[in-house]
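Chain letters run A, B, ... following the sequence lines, proteins first and then strands; every chain starts at 1. Here the structure is a predicted model, which means the values were calculated and not measured.
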Amino acid sequence: MPTFKLDEREIPFEKGETIIQAAHRAGIDIPHYCWHPGLSVAANCRMCLVEIEPPPGRPAMMLDVLEWDADAQDYVPQKKPKLQPACQFQAGEGMVVHSEGSKNVKEARRAVQEMLLLNHPVDCPICDQAGECRLQDYWLEHQGSKKRMKDEPVHKPKAVVFGPTIVYDAERCIVCTRCIRFCDEVAGDSVLDLRERGNLNEVVLAPGRELDHDYTLMTEYVCPVGALTAVDFRFKARVWFLRSARTVCVGCATGCNAFLDFDPRDQKVYRHRPRENPDVNKYWMCDEGMLSYSRVHENRVLRAEIDGQTIEFERGLKKAAKLFKSADPDRTAIVLSAQHSNEDNFAMLVLARDYIGSGNVFVNGRPGGDSDEILRDADKNPNARGVVGLCTSAPPAPFKELATALAAGKFTHVLALGSDASDPDEVAAFEDCENLVLLTSHRGPLAAHADALLPACTWAEADGTFVNRTGIAQESERAIFPHGDSLPAWKLIAAFGRALGHSFGWTKLRHVRAAMAPDPGAEVAADAEAQSGAPA
Amino acid sequence: MLKRTDYLTKNYGKPDGWKLAAYEAAGGYRSARKALGMSKDAVIDEAKKAHVRGRGGAGFDCGVKWSFMPKESTKPHYLVINADEGEPGTFKDRTIMEQNPHSLIEGCIIGCYAIGAHACYIYVRDELHLSKERLWGAIAEAKAKGHLGARPFGKDYAVEIYVHTGAGAYICGEETALLNSLEGRRGEPRLKPPFPAQYGAFGCPSTVNNVETIAIMPTVFEIGGDAFSKLSELHGINDGGCRLFGVSGHVKNPGIFEAAVGLTLRELIFDLGGGVLDDRAIIGVIPGGSSCPIHKPDEIVDVAGDPRFEPYNGKSVLDLPLGVDTFRGIGSMLGTACAIVLSDAADPVLAYHNVMRFYRHESCGQCTPCREGMGWIERILDKIVAGTGTIEELDQLSDIANSVMGNTICAFGEGAAQPALAFVRRYRKELEDYVHNGGKNQTGTLTT
Ligand SMILES: Cc1cc2nc3c(=O)[nH]c(=O)nc-3n(C[C@H](O)[C@H](O)[C@H](O)COP(=O)(O)O)c2cc1C
Ligand code: SF4
Ligand code: SF4
Ligand code: FES
């Protein structure tokens, strides 16, 4: 690979790559606002300027500037080299680039930084971006001085409602056009543009439009400053109190990599945002996925319930197990959930196969929905591939078949993970089921017909593995501790197994994973497919 | 040296001088006919010999620019004429379009042929209504006569010319902003590379030329590239031929004058411009549009180590021939060769304020330094002019302009930083007078 020199470090690059791209890959951050690895180059913020030495034997391009000599009371003409934006300039073999090491670069960045803050309201105390704002970070790193302009800054519209999800503050906007480019290039909906010119520039909506496509929250996320804020997150938390778990979005089968931001003090999740993964979601997530975090706190089942009555957990567990004590395995249905991780489903399968002895395995999940060519999949479950991969002997039967079988009186007992209904029209079939035990995090459509509800964790409260639509197995990390009496579903299943009288010994996730390892089904298939890149 | 020519201006002011009949009576359209009979390479070579330095301000050699167009390409090529003429003090292109539109049309035919284009867009600044009318009239006449269209002069090389109305923004004169505007986009300069020759109008190879650059081409082909170049005193440093010079401001006879390259500012102001109004002293001259640095008449040319400057070293800047490289050599700029003269009746601080207000108003606002820097400079000057500025703020002016210089996407940044620096450097005392005394020792006016 060819290389160039950046502040004394050799940086390898691929032909056609810009200086900033190569540096970024090498883990060196050249300060930037407008550049985003997933968007076209705009080179308008001028924060990434670097000094490039001319090729040997060629003179540097110099510019005439002036310096005021206070002692001589006169201006002294000076020359300075022409700087180049690292986000636009292509790397070349043997090129010598100075970034942090050049005083010209330092001065240029200081100046850009001062100018960006010139008319900025600096209302950090009431700005959601504070704590993760580039203006703040770069002020510390590259400016560190007070702004010299003492006058009233230019005033522009504030709290402009762009749509149901996003609010815009033109005074905080640095006009980097990231949001506009995101809408144009990724969302494919040119709903944002600029109006006016010079320092009156501001982002506006296309006439007659609202910012209402399926990726609006990404505009807030790509905004390097606090100009765009999400209605959902506005004024809810200060980011420095938040911690982030590396999660996988459970909004659909795409399995976008995400960060789930939570406050460890109140054990609440506040935000779901993309985590870069070139093979899955690149830099993006959809609104649905980003907002899906709210399910962690909504409509939860946090206590055991028997016949609709809340009951102490251990007693509930025993009562639920009692329903199954004399169950005929052939008339017992086991329902897996595409909403749950491999670990949870594996535990369910082991319980069914090794202890209950039932081969009547079904799969359930959330009903399908909209899809697009960008990220969103019609399958709104994160682990349908994983569930199928785990069922090595026979694929699980669909939910609808279970409903039909129930209507025909084939099953007396149903033990289900989750309370969703992948086919909402079929829920009525469960009404007459005598022994319906649901191990569930949410009060889904089946919950109303349950004889016993046992509280399971959501994905935010447990570690787990999910296999996305292309077969990539991805681990999602626990963010918060389990709420209420809920347990990670695999743990709940093991406890249920023990309550049934079996020696179901798992108490740690690694026990489950160790048991899964010799029969890695999903992962092997998954990897093979991931390499071929074939979508499911 | 003052040497008047009248290749472009001979019909200026004559009744119906802009009509085809007058143009053809003076030999018009022979050059295009001739060029279409030559090979494309020969046309480009002839243009190169003429050393026509771009008349739009940057002074790039036109023939060389044409040679950058790809020889082989699957996409259409376009010639785009920059008739946005927005540079303050510059009003030469407009005279061509109004009084000699056929020279531009004929030049467009030659230019199209040279770069392999069959379509030419003339991007005219919106306010120039008479220019547009005359261009439309000239296109209609040329078409009716068969000079333009499917078979110009019976030759198998179709050329169509379209007049496109701009919407009146100075930045749309920057060639890539012009292309965006032409395409119906926001008039913002594009990133370069790719340059227009690779990726121009509608993503196709394009050449953008100034009106005058193209309008002089018929003359080049009439008298021959080399002979044309030799009209100029600066022929030896590749700045050939004749051009339109303008002079405005405090002169008795402001206007546009055609002369051979080699003319000095002194000749332009005194011989052509009739001298300074009320015969007052000059306090400053901007050589070619407001983006160029302003000079004081007592500035002496002193370029060491460059033999080209030997004849001029020690002379006043007013006696340096107005050429692209002569003015670049002294750290200045020729720009559009339309000079602005300030007599001592004028207040340079107000002139400075006026110029910088323009650049604040016209910055497209893409780049941080230009967008914010221009606003900041304007504010400081607002305060200085109002008598509320401080020395601290005055000191900041050069700092701000330094930060804009060279750090932007397009040349607007330099074009605005140059006057910002040149004024503060030369009129610091006057600015200080505003800070300390509210400018009571200044004239407080821009008019005489
Ligand atoms: C801010 C700005 C404004 C400009 N305005 C004009 C203009 O009004 N007319 C013009 O011909 N060139 C203008 N130019 C120069 C053009 O970008 C370009 O160099 C020119 O049209 C090329 O033509 P030429 O090579 O024939 O001179 C401007 C440049 C800048 C940076
Ligand atoms: S709103 Fe944010 S992303 Fe959009 S242009 Fe302004 S600063 Fe950039
Ligand atoms: S330098 Fe000024 S005018 Fe040119 S692109 Fe940047 S902001 Fe626009
Ligand atoms: S990152 Fe904004 S100019 Fe390069």
Side-chain angles (χ1 to χ4, degrees), chain A residues 33-34 40-47 49 61-68 70 73-78 80-85 87-88 90 104 107-108 110-120 148-154 174-177 193-202, chain B residues 169-171 185-189 191-193 293 331-332 359-376 378-380 382-383 390-409 413-414 417-418 420-422 424-426 428-429 432:
Chain A
Y33 288 98
C34 68
S40 64
V41 173
N44 57 30
C45 75
R46 316 308 277 181
M47 192 63 188
L49 292 172
M61 186 174 164
M62 301 300 280
L63 298 152
D64 292 310
V65 291
L66 283 185
E67 201 173 288
W68 173 244
Q73 283 292 298
D74 201 2
Y75 285 100
V76 189
Q78 302 278 357
K80 67 163 190 178
K82 165 101 179 133
L83 306 178
Q84 297 291 352
C87 67
Q88 186 198 345
Q90 286 192 359
N104 298 306
E107 169 52 22
R110 186 209 60 75
V112 166
Q113 185 57 36
E114 180 176 25
M115 293 201 186
L116 285 176
L117 286 172
L118 203 67
N119 286 301
H120 188 279
R148 290 172 291 172
M149 191 191 82
K150 302 282 188 302
D151 309 307
E152 188 69 12
V154 173
I174 61 163
V175 212
C176 70
T177 68
D193 207 340
L194 285 181
R195 72 179 285 274
E196 262 292 351
R197 64 179 185 230
N199 65 358
L200 301 178
N201 268 353
E202 61 176 288
Chain B
Y170 171 64
I171 196 58
R185 297 168 197 270
R186 204 175 141 78
E188 277 178 347
L191 302 181
K192 283 146 275 182
S332 182
Y359 288 105
R360 201 287 295 156
H361 189 258
E362 299 297 332
S363 163
C364 85
Q366 275 194 97
C367 325
T368 308
C370 175
R371 175 181 72 236
E372 301 297 337
M374 290 308 119
W376 194 1
E378 182 195 49
R379 245 169 215 259
I380 293 177
D382 282 349
K383 286 163 78 180
T390 63
I391 285 291
E392 201 189 345
E393 285 167 324
L394 173 51
D395 286 347
Q396 288 163 9
L397 289 174
S398 55
D399 240 43
I400 302 166
N402 287 350
S403 305
V404 178
M405 181 71 91
N407 288 348
T408 54
I409 290 174
E414 284 98 75
Q418 270 178 171
L421 291 172
V424 79
R425 180 176 177 191
R426 290 171 177 80
R428 170 91 188 188
K429 290 277 166 297
E432 283 180 5

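- Under the salt bridge (charged side-chain N to carboxylate O under 4.0 Å, His left out) criterion, no residue pair touches residues 363-374 of chain B, with sequence neighbours excluded.
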Item to check | Full working for side chain to side chain contact (heavy atoms under 4.5 Å, CB included) between His361(B) and Arg197(A) | outcome: CA-CA 8 Å; His361(B) 189 258; Arg197(A) 64 179 185 230; 3.2 Å; yes
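- Nearest heavy-atom pair across Thr408(B) and Arg46(A) is O-NH2, 3.1 Å.
- Taking Glu107(A) as the reference, Arg110(A), Ala111(A), Ser403(B) meet the side-chain contact (heavy atoms from CB on, under 4.5 Å) condition, with sequence neighbours excluded.
- Heavy atoms closer than 4.5 Å to chain B are found in the side chain of Glu114(A), but not in its backbone.
- Looking at Leu83(A), both its backbone and its side chain come within 4.5 Å of chain B, counting heavy atoms on both sides.
- Looking at Leu200(A), the atoms closer than 4.5 Å to chain B (heavy atoms on both sides) all sit in the side chain, from C-beta outward.
- Using a 4.5 Å cut-off between heavy atoms, Glu152(A) contacts chain B through its backbone alone, with no side-chain atom that close.
- Both the backbone and the side chain of Asn199(A) come within contact range of chain B, with heavy atoms under 4.5 Å apart.
- Residues Ala42(A) and Leu191(B) come closest through the heavy atom pair O-CD2, 3.5 Å.
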Item to check | Derivation of the side chain to side chain contact (heavy atoms under 4.5 Å, CB included) call for Asn44(A) and Glu188(B) | outcome: CA-CA 11 Å; Asn44(A) 57 30; Glu188(B) 277 178 347; over 6 Å; no
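- Only the side chain of Pro77(A) comes within contact range of chain B, with heavy atoms under 4.5 Å apart.
- Taking both residues in full, the closest heavy atoms of Asn407(B) and Ala108(A) are given as ND2-CB, 3.9 Å, listed atom of the first, atom of the second, then distance.
- Within 6.0 Å of the CD atom in Glu392(B), the count of heavy atoms belonging to other residues, nucleotides or ligands does not exceed 12.
- With a threshold of 4.5 angstrom between heavy atoms, Leu49(A) approaches chain B through side-chain atoms but not through N, CA, C or O.
- Residue contact with chain B, scored on non-hydrogen atoms closer than 4.5 Å, is absent for Ala70(A).
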